[in-house]
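Step one of this worksheet: look at the structure below.
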Amino acid sequence: MKHLLKLLDLSKEEIIELLNMADQLKYELKHGIEHHHLKGKTLGCIFEKSSTRTRVSFETGMYQLGGFPIFLSSKDLQIGRGEPVQDTARVLSRYLDGIMIRTYAQSEVEDLARYGTIPVINGLTDFAHPCQILADLMTVREYKGKLEGLKMCFIGDGNNMMHSLIVGCLKVGMKVSVACPKNYRPAMEVLDFAATYGDAFMITDSPMEAAKDADVVFTDVWASMGDEGEIDLRRRAFEGFQVNDELMAVAKPDAMVQHCLPAHRGEEITESVLEAHADEIFDEAENRLHAQKAVLVKLMADKPQEPEEGENHLL
Ligand code: CP
Ligand code: NVA
């Protein structure tokens, strides 16, 4: 594993290895065990879109690993004035040890990796949000004790979150059902991937059908960053695609709710469901830190710092 561009590139084993490392790093942080695996290393964090969680968790994570993050807004970088990504990649590779980028086109992230010589991490594109899904899987495993065989459902837009959840959840052995309006279905590339999992995947335009007996209910905003101009159209299209008490009543009685945040109460999720599941949702947000630190260590440490036999503090 040289980069984290999208979950389609990772094997089940690689995903589980990252989740195990994330658990270990979380344990160490909570117990005051220093883990400076990236001492002296520098991560450039390019943001072409807004962020609270991704920015703060990557910056804090780098400090906790003994390294140094540099926040790079596209408003200030020459990339924002049209310098080609091919050149940016080659220049930044001469200064940095890794790049995290949040942008629009998935091709920009793939090009950074292609033309640069350092690890690239996708911090969200219009196509994928792999860091978020690693945190989501980590959280589900914490609460449920396993992933294999659980049913997850996603209600809403066929966007970056839905794409990465479909891929990540199927890869780790979960059953996946998604409900979206007909004009907001996920990308063909993702549907083709999901079709190889047969009955483990289901897509419908009925939220109730998707949520039936679900162990985990996911949702996300109706209008992602870049889509805000269509909000009125989307509010009409997504009416009924809401995670509310009525929908939760058809999921398993102990079903979890996950939301990557920011949430729009009264649109994709009601206040009452969000508050009833706040612990799970804010643990999910916290786990961004631990999951991303695992990615940083895996990609940027000179030698991956996996615990030796008998040294795993969790076991
Ligand atoms: N979930 C998530 O990526 O949040 P931010 O947009 O705040 O980074
Ligand atoms: N789908 C949302 C996720 C935000 C974290 C967006 O792209 O804006």
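Both ligands and their constituent atoms are indexed starting at 1 by order of listing. In this chain, numbering begins with 1 at the start of the sequence shown.
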Task: Inter-residue atom distance Gln292.CD - Asn287.CG, 0.5 Å rounding - done: 10.5 Å
Task: Test: Arg265 and Glu275 ion pair at under 4.0 Å - done: yes
TODO: Examine ligand 1 and decide if any of its atoms is less than 4.0 Å from a heavy atom belonging to Arg288.
DONE: yes
TODO: Output the list of atoms in ligand 2 that are nearer than 4.0 Å to some heavy atom of Leu261, sorted by atom number.
DONE: 5 (C)
Open item on the list: Below the 3.5 angstrom mark, is there an N/O of Leu261, backbone or side chain, next to an N/O of ligand 1?
Closed with: yes
Task: Flag for Gln132-Asp136: side-chain donor and acceptor within less than 3.5 Å - done: yes
TODO: Using heavy-atom distances, let me know which of Thr52, Leu124, Thr54 sits nearest atom 4 (C) of ligand 2.
DONE: Leu124
Task: Phe201 six-ring centre to Lys175 NZ/CZ under 6.0 Å and within 45° of normal - done: no
Task: Pick from Arg55, His259, Arg102, Gln132: the one approaching atom 6 (O) of ligand 1 most closely through a non-hydrogen atom - done: Arg102
Open item on the list: For the 3.5 Å polar cut-off, considering only N or O atoms, please tell me whether Arg102 and ligand 2 meet it.
Closed with: no
TODO: Give yes or no for whether the N/O distance cutoff of 3.5 Å, strictly under, is met between Met225 and ligand 1.
DONE: no
Open item on the list: If I take atom CD from residue Gln258 and atom OH from residue Tyr143, how far apart are they, to the nearest 0.5 angstrom?
Closed with: 8.0 Å
TODO: Look only at interatomic distance and state if His129 has a nitrogen or oxygen under 3.5 Å from any nitrogen or oxygen of ligand 2.
DONE: no
- [ ] State whether the shortest distance between N or O atoms of Met225 and N or O atoms of ligand 2 falls below 3.5 angstrom.
- [x] yes
Open item on the list: On a heavy-atom basis, I'd like to know which of Ala223, Ser224, Gly123, Cys260 is closest to atom 2 (C) of ligand 2.
Closed with: Ser224
Task: Sub-3.5 Å N/O-N/O distance, Asn159 and ligand 2 - done: yes
Open item on the list: Would Arg234 and Tyr184 count as a cation-pi pair here, with the cationic atom under 6.0 angstrom from the ring centre and within 45° of the axis?
Closed with: no
Open item on the list: I need the atoms of ligand 1 closer than 4.0 Å to a non-hydrogen atom of Cys260, numbered in the order shown.
Closed with: 1 (N)
Task: Distance filter under 4.0 Å to Thr52 heavy atoms, resulting ligand 1 atoms - done: 5 (P), 7 (O), 8 (O)
Task: Residue portion contacting ligand 2 (non-hydrogen atoms closer than 4.0 Å) for Asn160 - done: side chain
- [ ] Hey, can you tell me if Phe238 and Phe241 have their rings parallel, tilted or perpendicular (30° and 60° cut-offs)?
- [x] perpendicular
Open item on the list: What I want to check is whether the side chains of Glu268 and Thr219 have a donor and an acceptor closer together than 3.5 Å.
Closed with: no
Task: Between Lys6 and His163: side-chain donor-acceptor atoms closer than 3.5 Å - done: no
